[in-house]
Amino acid sequence: MAAALPLPRAAAPLAVLRAFRFAPWGAPAPRRRLLPGPPTAGEPPPPVLPPASKLADPPVLGAPEPPLPFRAAEAEILRDIEPVVQLIKDILHSDRYGDGECLCPKDENVVVEKLLAFHPRAQDKIGCGLDAIMVDRHPEFRKSRCLFVVRTDGVWIDFSYQKCLRAYIREKYPSHAERFIREHFKRT
């Protein structure tokens, strides 16, 4: 039956849907005020603008953006580092890896790319080459577990994941790094 309708009538339901979507029938048309004065009960007050001298200059194209306020930057940094921090805590504080056990390739890649690459002395730690990343007890502080670089010559050396995170934050968020580190890291 719809095939027998001429084209304008067949397109009518589509036109009705478009009209409803952009201007619903139940919505009253906005009323304009012709005379200045206080707004009526159903009308919101007009926006109050600061004096022209207090308005900010328009942004200049190509100019660097102003730095984020600290709390916004702090939230961004936390979102950025949180997955890596959670992985490291899981590696060190769960029974997922035993003492002296090397990380699986997936975890090792994350640790090398997201942490070890930013360590201030990464080249010294890796030395002749990286064979694996291992979890074990710290040689001096036997109650704490830490990450070790296992080099291709068989030597293994510990590294601080917190030093790596601090260096990463300083590189990526230079204007907020020191305050963030002061507030979120216990030791410097």
Side-chain angles (χ1 to χ4, degrees), residues 17 21 47 49-50 54-188:
L17 284 176
R21 180 174 173 207
L49 296 175
K54 303 257 182 187
L55 291 176
D57 293 332
V60 178
L61 294 177
E65 293 186 26
L68 291 173
F70 179 72
R71 293 298 170 209
E74 177 183 40
E76 182 181 334
I77 296 169
L78 287 171
R79 277 191 307 273
D80 188 15
I81 67 172
E82 188 65 27
V84 175
V85 171
Q86 286 303 317
L87 174 67
I88 296 304
K89 286 182 178 182
D90 186 43
I91 289 170
L92 294 177
H93 303 297
S94 73
D95 58 355
R96 185 171 164 185
Y97 292 102
D99 291 345
E101 194 173 343
C102 291
L103 302 184
C104 72
K106 180 183 173 189
D107 290 345
E108 183 178 309
N109 284 338
V110 171
V111 170
V112 169
E113 292 173 8
K114 303 280 184 172
L115 290 174
L116 188 58
F118 295 97
H119 194 283
R121 294 181 24 233
Q123 292 302 327
D124 295 338
K125 300 284 183 180
I126 295 171
C128 61
L130 175 70
D131 187 33
I133 301 292
M134 177 179 72
V135 178
D136 205 348
R137 300 278 170 190
H138 192 277
E140 292 178 38
F141 311 104
R142 298 300 299 165
K143 291 185 179 182
S144 64
R145 290 170 44 126
C146 61
L147 297 170
F148 291 86
V149 172
V150 180
R151 300 193 303 201
T152 53
D153 62 359
V155 174
W156 43 284
I157 186 167
D158 66 312
F159 70 97
S160 167
Y161 78 91
Q162 289 195 4
K163 280 186 184 178
C164 299
L165 284 173
R166 284 187 206 109
Y168 172 77
I169 292 166
R170 284 182 179 117
E171 181 178 312
K172 189 164 180 188
Y173 306 97
S175 59
H176 298 290
E178 294 310 315
R179 181 173 175 191
F180 182 88
I181 290 168
R182 231 182 7 259
E183 291 184 14
H184 290 276
F185 288 84
K186 292 177 184 155
R187 294 179 252 175
T188 56

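If you read the sequence from its start, that first residue is 1, and numbering goes on from there. What you see below is based on every heavy atom in this structure, not just the backbone, and it leaves out hydrogens, waters and symmetry mates.
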Which atom names give the shortest non-hydrogen contact between [X] and [Y], and what distance separates them?
X: Phe118; Y: Glu113; result: CE1-O, 3.7 Å
X: Asp131; Y: Glu108; result: O-OE2, 4.2 Å
X: His119; Y: Ser160; result: CD2-O, 3.8 Å
X: Ile169; Y: Phe180; result: CD1-CE2, 3.6 Å
X: Ile126; Y: Arg151; result: O-CD, 2.9 Å
X: Cys128; Y: Thr152; result: SG-OG1, 3.2 Å

query = Under 6.0 Å from the CZ atom of Arg96, do we count more than 12 heavy atoms belonging to anything else shown?
reply = yes
ask   = Got more than 12 heavy atoms from elsewhere within 6.0 Å of CD, Gln86?
value = yes
Just so I know, are the side chains of [X] and [Y] near enough to count as touching, which here means a heavy-atom distance under 4.5 Å?
X: Leu78; Y: His184; value: yes
X: Leu116; Y: Val149; value: yes
X: Ile88; Y: Val110; value: no
X: Phe148; Y: Pro139; value: yes
X: Leu147; Y: Leu92; value: yes
X: Ile133; Y: Val150; value: no

Check: [Y] main-chain N/O paired with [X] side-chain donor or acceptor under 3.5 Å:
X: Tyr97; Y: Cys104; answer: yes
X: Lys125; Y: Phe159; answer: no
X: Glu101; Y: Gly98; answer: yes

ask   = From Glu82 CD over to Ile77 CD1, what is the distance, rounded to the nearest 0.5 angstrom?
value = 13.0 Å
Spacing of Ile81 atom CD1 and Lys172 atom NZ [to the nearest 0.5 Å] = 11.0 Å
task = Let me see the working for Phe185 and Leu165 under side chain to side chain contact (heavy atoms under 4.5 Å, CB included), right down to the final yes or no.
result = CA-CA 10 Å; Phe185 288 84; Leu165 284 173; 3.9 Å; yes
Answer yes or no: is there an ion pair linking [X] with [Y], defined by an N-O contact shorter than 4.0 Å?
X: Asp99; Y: Arg137; value: yes
X: Glu183; Y: Arg179; value: yes
X: Arg145; Y: Asp136; value: no
X: Arg71; Y: Glu74; value: yes

query = Which of parallel (below 30°), tilted (30 to 60°) and perpendicular (above 60°) describes His176 and Phe70?
reply = tilted
ask   = Hey, mind stepping through Ile181 and Arg170 against side chain to side chain contact (heavy atoms under 4.5 Å, CB included) and telling me if it holds?
value = CA-CA 9 Å; Ile181 290 168; Arg170 284 182 179 117; 3.8 Å; yes
task = I would like to know whether Asp80 and Tyr168 meet side chain to side chain contact (heavy atoms under 4.5 Å, CB included); could you show each step before the answer?
result = CA-CA 10 Å; Asp80 188 15; Tyr168 172 77; 2.6 Å; yes
